[in-house]
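Inspection log for the structure reproduced underneath, given as structure tokens.
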Amino acid sequence: MTTSHILGFPRVGAKRELKFAEERYWRKEITEQELLDLAKTLREKNWQYQSQANADFVSVGDFTFYDHILDLQVATGAIPARFGFDSQNLTLDQYFQLARGNKDQFAIEMTKWFDTNYHYLVPEFHPNTEFKANATHYVNQIREAKAAGHTVKPVIVGPLTFLFLGKEKGNWAISSAEKANDKATTAKLAIQAISQKSTNTRLDLLPQLLPVYQEILTTISAEGVEWVQIDEPILALDLAPEWLAAFETVYSKLSSINAKILLATYFGSVAEHAPLLKALPVDGLHLDLVRSPEQLASFTDYHKVLSAGVIEGRNIWRANLTQILDVLEPLKEKLGERLWIAPSCSLLHTPFDLNIETQLKENKPDLYSWLAFTRQKVEELNILKQALTNCRASVNAQLEESNKAAESRANSKVIHKAEVTERLANLPANADQRQSPFAERIVKQNAWLNLPLLPTTTIGSFPQTNEIRQARAAFKKGALSLEDYENAMKKEIELVVREQEKLDLDVLVHGEAERNDMVEYFGELLDGFAFTKFGWVQSYGSRCVKPPVIYGDVTRPKPMTVRWSQYAQSLTSKVMKGMLTGPVTILQWSFVRNDIPRSTVCKQIGVALSDEVLDLERAGIKVIQIDEPAIREGLPLKRSDWGNYLQWAGESFRLSSMGVQDDTQIHTHMCYSEFNDILPAIAALDADVITIETSRSDMELLNAFIDFHYPNDIGPGVYDIHSPRVPTEEEIAHLLQKALKVVPKERLWVNPDCGLKTRGWKETLEQLEVMMKVTKKLRVELKA
Ligand code: GLN
Ligand code: ZN
């Protein structure tokens, strides 16, 4: 027999039932009991799907009302003390307050879970954080699943990943000085604290945390559990030696519990740690063989349970089961019963059920046959299990079908377009380079642009009002004709143009009223993209996203934005900036085909966008912004892979404006100023102007400019658009003065931090007025 299991299941339900129930609960439209009942039903279904597919265990503990790292904060007692809650007796309302904030406390910060689009709640560790075990979350789910007749495998994130993912708050150096209790050390450490070189880290909390984990796991084991899955995904990162060394300590301690431990790694190779991992006193190891199939070679001599993660847990493509069996069968020969099979990681990152995509099935039957969502993946696992346990012949029909799908995908004319491959292969050597260097281009641009010192602009979108959304919804439903819809958008564009003229901004935008979402909008107009109806994946808490599916070679059949930009330009004598989403961002926020390298898909999108850029240029739109807010989040988990990524990401971006004239000005925009470590790559994008989010961090980014002279024009955001608060003149002046210390005045632009679509009109106008007022004053001062 070959054991099969999954690492975790999506929580929100096939049609986002949990999301809707939670939102109703928050609005007090349903009771706590109703929400609890719905959650129970969802869990029951999730377990049924797993056991119907012959999984040997169902995963428990993975279900959460908000986030599994928040659950762990509760289970270890490490919820932020600032809330004043008792983790042992936390109510559901208090749980949600931790996640969403309350009138006194801001919510626990969120950040991306590794390189996925899921966000976890970041633990706040203080030097004096106290831990206390509370296994209720796990025990309840174990009992519930057992009562329903399932064999369970609890899933919990391990202590090292938990500590690693947290943030150090409070003063770590001082506190250890206090512990040291001698004046000289106190003084020394206080100085270190001031220069922010704390010698202590959250890893120092391990001795206190470990017994609490032991207690939780002992309680869990006592529920009659044979296996526990402990996730340590940090093993796929570049880990400092002290973190690596701690694995030995931790797992020697935890091995004392009664249950067996399956140590789960995912999102990358752990081959470099093979000797360490093989020596750990755990009972099994899970490897992500989709992300890095080659790491298997380093573990074939493992003498305990090896769980092979062979079904892609982060994408939506149907597996090629025959190919997978070609790898698994020899492994089965070697390992026998010690071979387990599983998806590569938790299925939390894939949509729930392909079966309900009836529209897709009808309109794109080929594509439909190439896909597998969570439920289908669990079934695929079952087929593999049967093949390994009995023989391939026992699942002949299913393998046949899988082969057929793979074949049709490999040969599909809808996916593979010779003209796209040829165009990419035959790009001239310097296709991604502008005709002249920036220094020459900017002279030609300034000649016609004729902008004042410190030119002002915005990032693209203006408030997406309810009327705009309603018009779009009505149009989609067929209640509004195309003509009426377009007229409504034109009216909005005119309003946006007039307001910008009143404000006296220098480079105007059309406001992006016609766009629902900056990626979806382009996905709908490019060939090679498809959309699902229920392909939701959890982004955080009750929020889900529905990424477009890039399934084929990408082309741009006809202009996408030209008419809108042209219309906007026709309304004003000021310069109108064209607005596009860049190739890296489109790639990053989509489900991407896995039959060719991501880099190739990205370049295809870049080339397709260049058609749009040239059409805009021809139409007289000669300032064009290509947004890349997602460039940073695409960085690989391991630093050694950064160079390669940045190379193709940069090339794709540059390709998107290939062939433009020197006097056409290319702008780009990025969110989050954490660029200090990749500034050379950002500079290598060679955009004439970059606008960038910096206001929340008090222009911290600019510190890096002291060492690295960013060569082109730059507009560091001068106020935070995430808040309705109107900044004072002093605040904006302070930020601009700071910027002027490191950016020559001729190269500095003035703009908000990001697009304005989430703001209301009132504050938007007030905020921009302050920005303009300060800029005008400063212009006079700088000329004097
Ligand atoms: N042009 C986009 C906008 O203004 C940019 C959004 C973003 O940076 N995420 O909305
Ligand atoms: Zn932005």
Side-chain angles (χ1 to χ4, degrees), residues 112 117 119 456-465 468-469 472 489 492-493 496-497 499-500 505 507-523 525 539 543 545 547-548 560-561 564-565 568 576-590 609 612-613 616 621 623-634 653 656-657 665-675 682 685 687 689-697 699 701 714-723 749-761 763-764 767-768 771:
K112 270 177 185 292
N117 232 328
H119 299 74
T456 53
T457 190
T458 62
I459 308 305
S461 59
F462 268 78
Q464 283 257 340
T465 57
I468 300 177
R469 276 187 244 274
R472 190 158 25 250
M489 294 304 119
E492 191 62 32
I493 290 173
V496 168
V497 171
E499 291 299 345
Q500 292 175 92
L505 281 149
V507 174
L508 309 196
V509 297
H510 76 288
E512 302 179 24
E514 80 289 4
R515 302 184 191 173
N516 35 2
D517 170 274
M518 64 187 290
V519 169
E520 194 175 327
Y521 182 77
F522 290 95
L525 297 168
S539 170
R543 286 288 283 268
V545 292
M560 306 183 283
T561 65
W564 298 110
S565 290
M576 182 60 56
K577 179 162 67 168
M579 202 62 59
L580 304 173
T581 303
V584 186
T585 300
I586 292 181
L587 183 88
Q588 200 58 35
W589 293 349
S590 301
L609 287 172
E612 184 73 9
V613 169
L616 281 167
I621 305 296
V623 174
I624 302 165
Q625 178 172 313
I626 306 170
D627 288 325
E628 285 290 21
I631 215 161
R632 155 107 221 173
E633 66 184 57
F653 173 82
S656 63
S657 60
Q665 187 166 71
I666 300 295
H667 289 219
T668 190
H669 164 72
M670 285 170 201
C671 308
Y672 316 116
S673 58
E674 297 157 22
F675 289 127
I682 302 295
L685 298 178
V689 183
I690 184 170
T691 58
I692 207 161
E693 179 187 314
T694 41
S695 73
R696 279 194 284 190
S697 59
M699 301 243 168
L701 169 80
I714 182 158
V718 297
Y719 72 84
D720 177 12
I721 61 92
H722 303 87
S723 156
W749 286 63
V750 179
N751 44 263
D753 226 35
C754 193
L756 306 168
K757 72 171 171 216
T758 54
R759 291 269 64 82
W761 265 107
E763 72 252 21
T764 293
Q767 291 168 332
L768 288 172
M771 182 184 99

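Just so you know, ligand 1 is whichever comes first in the structure, and atom 1 is the first atom listed for that ligand.
Residue-to-ligand polar distances keep Pro629 apart from ligand 1: every N/O pair is separated by 3.5 Å or more. Considering backbone and side-chain N/O of Glu512, one or more are found under 3.5 Å from N/O of ligand 1. Between Trp589 and ligand 1, a contact under 3.5 Å exists for no N or O pair. Inclusion of Gln625 in the set of residues having an N or O under 3.5 Å from an N or O of ligand 1 is not warranted.
For the residue pair Gln464 and Arg759, no side-chain donor N or O sits within less than 3.5 Å of a side-chain acceptor on the partner. Side-chain atoms of Thr561 and Glu612 form a donor-acceptor pair, as typed in the model, at a separation below 3.5 Å.
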Quiz prompt | side chain to side chain contact (heavy atoms under 4.5 Å, CB included) between Lys112 and Asn117, worked out | solution = CA-CA 6 Å; Lys112 270 177 185 292; Asn117 232 328; 2.7 Å; yes
Quiz item: Please walk me through it: do Leu701 and Phe675 pass side chain to side chain contact (heavy atoms under 4.5 Å, CB included)?
Solution: CA-CA 7 Å; Leu701 169 80; Phe675 289 127; 3.9 Å; yes
Exercise. Assess whether side chain to side chain contact (heavy atoms under 4.5 Å, CB included) is satisfied between Val519 and Ser590, documenting all intermediate values.
Key: CA-CA 8 Å; Val519 169; Ser590 301; 4.0 Å; yes
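With a heavy-atom cut-off of 4.0 Å, Cys754 touches ligand 1 through its side chain alone. Proximity of Met670 to ligand 1, defined as any heavy-atom pair under 4.0 Å, is not found for any part of the residue.
For atom 3 (C) of ligand 1, the closest heavy atom belonging to the protein is Ser461 OG, 3.3 Å. Closest to atom 2 (C) of ligand 1, if we only count protein heavy atoms, is Asp627 OD2, 3.3 Å.
Annotation: side chain of Leu616 is in contact with side chain of Leu580 (closest heavy-atom distance under 4.5 Å). For the pair Thr585 and Phe522, the minimum side-chain heavy-atom distance is 4.5 Å or more. Contact check for Ile459 versus Asn751: side-chain heavy atoms found under the 4.5 Å cut-off. Looking only at side-chain heavy atoms (C-beta outward), Met579 and Asp627 come within less than 4.5 Å of each other.
Each of the following atoms of ligand 1 lies closer than 4.0 Å to a heavy atom of Cys671: 7 (C), 8 (O), 9 (N). Listed by atom number, the atoms of ligand 1 under 4.0 Å from Met518 heavy atoms are 6 (C), 7 (C), 9 (N). Residue-ligand proximity, His669 to ligand 1, at heavy-atom distances under 4.0 Å covers atoms 8 (O). Atom numbering of ligand 1 starts at 1 in the shown order; those under 4.0 Å from a heavy atom of Gly460 are 4 (O). When each atom of ligand 1 is checked for a heavy atom of Gly755 under 4.0 Å away, the hits are 3 (C), 4 (O), 10 (O).
Rounding to the nearest 10°, we obtain 120° for the angle at the Zn ion (ligand 2) between His669 NE2 and Cys754 SG.
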